[in-house]
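Written below as structure tokens is the structure these notes are about.
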Amino acid sequence: MPRKYPLEKYRNIGIIAHIDAGKTTTTERILFYTGKTHRIGNVDDGNTSTDWMEQERERGITIVSAAVSAEWKGYQFNIIDTPGHIDFTAEVQRSLRVLDGGVVIFDAVQGVEPQSETVWRQADRYGVPRICFINKMDRVGASYQRSIDSIKSRLGANPIAMQMPIGSEHDFLGAIDLLEMNMVTYEDQLGKAPIVGEIPADMLEAAKEARHIMVEKIAETDDELTMKFLDGEEISVAELKVALRKSVIAGKTNPCYCGSSLKNKGVQPVLDAVIDLLPSPLDVAKITATDVDDPEKIVEVKPDDNEPLRAIVFKIVTDPFVGRLAYFRVYSGKLTTGTTVLNSSKGKKERIGRLIRMFANDRIDVDEVMAGDIAASLGFKESSTGDTLSDDSFVLESISFPEPVIHIAVEPKSTMDQEKMGEALRKLSEEDPTFRVRSDEATGQTVIAGMGELHLEILVDRMKREFKVQANVGNPRVAYRESMTRVVEKVNLKYAKQSGGHGQYGHVVFHMAPGERGSGIVFENKTVGGTVPKEYVPAVEKGVREASESGVLAGYPVVDLKVTLIDGSFHEVDSNEMAFKMAASMAFKEGVQKGGPVLLEPIMKVEAVVPEEYLGDVIGQLNGRRGMILGMEMRLGNAQAVNAMVPMGEMFGYATQLRSASQGRGVFSMEFDHYAPVSDAVAQTIIKG
């Protein structure tokens with residue numbers, strides 16, 4: 001089947017931003033203007049295309065990223081609308097992994113907000129080129145220039161103003177296009193037919209000045225244009241576009257546009273900018289695949305239909321109507337219905353039953369998905385998030401996710417619910433890599449862990465509604481960790497048992513030291529002369545890793561530790577893998593005990609924004625919650641933003657306390673930052689609890 005559009009006319013883009021900046025509203029306008037919908041959905045009315053889950057419509061927030069396809073001026077757009085709440089950061093992470101470009105939306109009143117910063121850093125990590133859309137220009141206190149300044153100062157980016165707003169707040173009419181030097185306004189209610197006209201005389205000088213700044217910034221990215229600019233030569237629009245596109249794809253600049261998605265103004269110029277400035281699958285940085293059997297063997301993945309298949313599964317969804325849906329991005333080759341492909345990450349084969357182009361929660365069947373495209377398939381049994389689909393044994397780089405920081409116990413209300421709950425939790429954990437399920441050995445309870453209170457609340461709600469499970473839910477608890485504070489030079493442990501016939505003999509000597517923050521458990525083998533035979537070293541490492549799952553203070557996992565196997569001995573007859581695993585496990589526990597064990601707690605980065613008159617109360621509250629105030633900054637009007645580091649365990653119920661202290665006018669956001677040692681007094685309370 002021939003392609004409808006050539007590869008250079010594909011755009012795989014993500015809509016990313018802080019919560020409530022207008023991502024879903026903007027996506028809704030894109031679908032309307034590209035002819036995919038015939039009415040404009042509204043978040044407040046709960047009738048948007050991409051927020052299709054009941055929980056999303058009730059709360060007015062995006063929870064799961066939704067993939068939609070649209071066409072604009074002869075280009076194929078695959079758009080992923082991502083969540084803005086920090087609890088659903090995994091949705092953003094996996095979307096950025098498979099996207100070629102991004103539109104980052106900012107609230108014109110707030111500028112850069114905490115989650116804007118987080119998604120910006122995630123996009124940096126995956127090298128995703130971005131353009132910026134300053135939304136909500138119709139709101140009281142909106143400022144295009146202040147938002148651009150905050151992008152520069154808080155994100156260290158290089159924003160370029162491509163437009164100049166006409167009017168502001170309730171008088172916002174449209175924008176002056178500084179590249180083409182014309183005025184774009186919107187008179188009809190739906191903003192479907194932008195009116196392009198001449199710039200009014202009273203704004204011409206200011207527009208010329210703004211254009212001069214824009215041209216200078218673009219010229220700086222290209223040596224040839226720099227010379228032209230310095231010599232005072234005229235630089236054509238075509239030359240500016242070529243240089244700007246090159247610098248955007250290289251991640252050097254971030255063009256900025258303005259508008260109000262809710263009032264249907266300014267969305268079409270952003271769509272044009274996606275075509276002009278963001279990369280096609282042909283323009284992105286080189287992608288490589290590694291041979292599972294021989295990690296030294298690396299090949300380049302070329303975006304071509306005739307190359308071997310290389311696709312990555314980035315999302316699993318349990319659809320109540322059609323079953324298990326796997327979203328994937330094809331980097332090379334093609335997928336065809338009725339064929340069988342290899343999941344090279346797991347070494348298992350998958351049959352492609354149906355291929356679907358997703359339109360939010362609607363589905364259009366297709367026969368083939370080609371290189372550069374994003375689609376979904378029904379019927380995959382083995383594949384999970386981060387797996388590679390391939391013709392051979394090569395795998396693409398997987399997707400990494402943050403560790404959960406909060407957990408709660410859930411138990412079924414009746415024996416009938418027991419089996420249903422197990423199945424529901426299995427399906428939900430398949431969908432969400434930051435959602436973990438385990439059984440507590442001490443209490444026999446089922447414990448679920450996630451990224452925050454809202455994250456777990458939504459998952460429990462889905463379990464009850466979608467899977468019809470009746471369950472009792474415990475209070476949220478913090479996911480503490482354990483570590484050690486000092487080096488233990490030598491832990492010498494011999495495990496020897498004799499009980500008729502073959503005995504058990506394993507002997508290890510460890511050097512143990514605190515590791516770097518976030519390093520987990522690092523194991524190294526430095527034995528010489530075969531004191532511990534090579535075939536037993538994996539068993540030693542396994543013993544260490546299994547022992548690290550339960551610490552010596554309160555049974556929490558042990559992290560940030562380097563264990564080096566420096567010596568040991570073996571017995572010709574009695575030594576086996578089990579004996580060495582037991583020896584390693586016991587040596588690890590002994591070493592942690594000697595190394596000054598310490599309890600670690602998750603520390604959250606908190607930003608509370610309140611009117612100035614309540615500032616003292618809010619600082620007092622955060623101090624009372626063992627918070628460390630990092631600083632304050634002025635926001636619009638008389639609002640102050642307080643930045644602090646506060647232990648996760650102290651943040652339960654903070655929303656209610658902040659509302660009552662600020663008469664409902666304060667808001668806050670928080671995200672996980674790092675683990676830090678707990679004071680002795682607090683540690684005793686946690687251990688007793």
Within the distance-only criterion (no hydrogens, no angle test), does the side chain of [X] pair as donor or acceptor with the backbone N or O of [Y] below 3.5 angstrom?
{"X": "Ser153", "Y": "Asp149", "result": "yes"}
{"X": "Asp432", "Y": "Leu428", "result": "no"}
{"X": "Gln640", "Y": "Leu615", "result": "no"}
{"X": "Gln163", "Y": "Leu178", "result": "no"}
{"X": "Thr685", "Y": "Ala681", "result": "yes"}
{"X": "Ser147", "Y": "Ala108", "result": "yes"}
{"X": "Ser429", "Y": "Arg436", "result": "no"}
{"X": "Arg130", "Y": "Val128", "result": "yes"}
{"X": "Glu169", "Y": "Met137", "result": "no"}
{"X": "Asp673", "Y": "Lys605", "result": "no"}

Would you please name every residue forming a ring pair (Phe, Tyr, Trp, His ring centres under 6.0 Å) with [X], sequence neighbours left out?
{"X": "Tyr257", "result": "none"}
{"X": "Tyr186", "result": "none"}
{"X": "Phe133", "result": "none"}
{"X": "Tyr556", "result": "Tyr480"}

Is the shortest side-chain heavy-atom distance between [X] and [Y] below 4.5 Å?
{"X": "Tyr654", "Y": "Leu622", "answer": "yes"}
{"X": "Ile80", "Y": "Ile15", "answer": "no"}
{"X": "Arg481", "Y": "Val558", "answer": "no"}
{"X": "Leu99", "Y": "Ile13", "answer": "no"}
{"X": "Ile160", "Y": "Leu244", "answer": "yes"}
{"X": "Phe77", "Y": "Thr34", "answer": "no"}
{"X": "Lys192", "Y": "Phe32", "answer": "yes"}
{"X": "Glu411", "Y": "Thr446", "answer": "no"}

Write down the atom of [X], the atom of [Y], and the distance for their closest heavy-atom approach.
{"X": "Ile151", "Y": "Cys256", "result": "CD1-SG, 4.3 Å"}
{"X": "Ala479", "Y": "Tyr675", "result": "O-OH, 2.8 Å"}
{"X": "Gly555", "Y": "Glu482", "result": "N-OE2, 3.1 Å"}
{"X": "Ile408", "Y": "Gly474", "result": "CG2-O, 3.9 Å"}
{"X": "Ala683", "Y": "Val678", "result": "N-CG1, 3.5 Å"}
{"X": "Ser260", "Y": "Asn135", "result": "CA-OD1, 3.5 Å"}

Qualifying residues under side-chain hydrogen bond (donor to acceptor under 3.5 Å, both in side chains), relative to [X], sequence neighbours excluded:
{"X": "Asn158", "result": "none"}
{"X": "Ser483", "result": "none"}
{"X": "Ser247", "result": "Thr253"}

| query | Sequence neighbours excluded, which residues qualify as salt bridge (Lys or Arg N to Asp or Glu O under 4.0 Å) partners of Asp617? | reply | none
| task | Identify, with sequence neighbours excluded, every residue that meets salt bridge (Lys or Arg N to Asp or Glu O under 4.0 Å) alongside Asp107. | result |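 Expected list: Arg139.
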| Stepwise side chain to side chain contact (heavy atoms under 4.5 Å, CB included) check, Ile686 with Val478 | CA-CA 10 Å; Ile686 294 165; Val478 179; over 6 Å; no
How long is the span from the [atom1] atom in [X] to the [atom2] atom in [Y], to the nearest 0.5 Å?
{"X": "Cys132", "Y": "Ile148", "atom1": "SG", "atom2": "CD1", "answer": "8.5 Å"}
{"X": "Met651", "Y": "Met604", "atom1": "CE", "atom2": "CE", "answer": "8.0 Å"}
{"X": "Ile218", "Y": "Ile213", "atom1": "CD1", "atom2": "CD1", "answer": "12.0 Å"}
{"X": "Met162", "Y": "Asn254", "atom1": "CE", "atom2": "CG", "answer": "12.0 Å"}
{"X": "Gln684", "Y": "Leu553", "atom1": "CD", "atom2": "CG", "answer": "9.0 Å"}
{"X": "Leu190", "Y": "Arg29", "atom1": "CG", "atom2": "CZ", "answer": "9.0 Å"}

| task | Provide the full list of salt bridge (charged side-chain N to carboxylate O under 4.0 Å, His left out) pairs with a residue in residues 622-634, sequence neighbours left out, each pair given once. | result | Arg154-Glu633, Glu601-Arg626, Arg626-Glu650, Glu633-Arg635
| Please, which pairs that meet salt bridge (charged side-chain N to carboxylate O under 4.0 Å, His left out) have at least one residue in residues 256-268, sequence neighbours excluded? |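 Pairs touching residues 256-268 that pass the test: Asp138-Lys263.
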| field | Between Gln268 and Asp272: side-chain donor-acceptor atoms closer than 3.5 Å | value | no
| field | Pair Ser261, Thr26: side-chain N/O donor-acceptor within cut-off below 3.5 Å | value | yes
| query | What orientation do Trp120 and Phe106 show, parallel under 30°, tilted 30 to 60°, or perpendicular over 60°? | reply |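 Tilted, since the angle between the ring planes falls between 30° and 60°.
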| query | With sequence neighbours left out, what residues match Ala409 under side-chain contact (heavy atoms from CB on, under 4.5 Å)? | reply |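 With neighbours one apart ignored, the set is Gln445.
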| message | Applying side chain to side chain contact (heavy atoms under 4.5 Å, CB included) to Val109 and Lys136, what does each step give before you reach the verdict? | response | CA-CA 7 Å; Val109 178; Lys136 303 194 177 185; 5.6 Å; no
| Can a salt bridge be assigned to the pair Arg211 and Asp177 using a cut-off of 4.0 Å between side-chain N and carboxylate O? | no
| Heavy-atom count around Glu209 CD within 6.0 Å, excluding the residue itself: above 12? | no
| query | Do other residues, nucleotides or ligands put more than 12 heavy atoms under 6.0 Å from Asp680 CG? | reply |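 No, CG of Asp680 has 12 or fewer neighbouring heavy atoms, counting only those of other groups under 6.0 Å.
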| message | With side chain to side chain contact (heavy atoms under 4.5 Å, CB included) as the criterion, how do Ile603 and Phe672 come out once you've worked through the C-alpha distance, each side chain's angles and the decisive distance to 0.1 Å? | response | CA-CA 6 Å; Ile603 304 294; Phe672 170 72; over 6 Å; no
| message | One pair to check against side chain to side chain contact (heavy atoms under 4.5 Å, CB included): Ile176 and Met203. What are the steps and the verdict? | response | CA-CA 9 Å; Ile176 290 167; Met203 299 182 79; 3.9 Å; yes
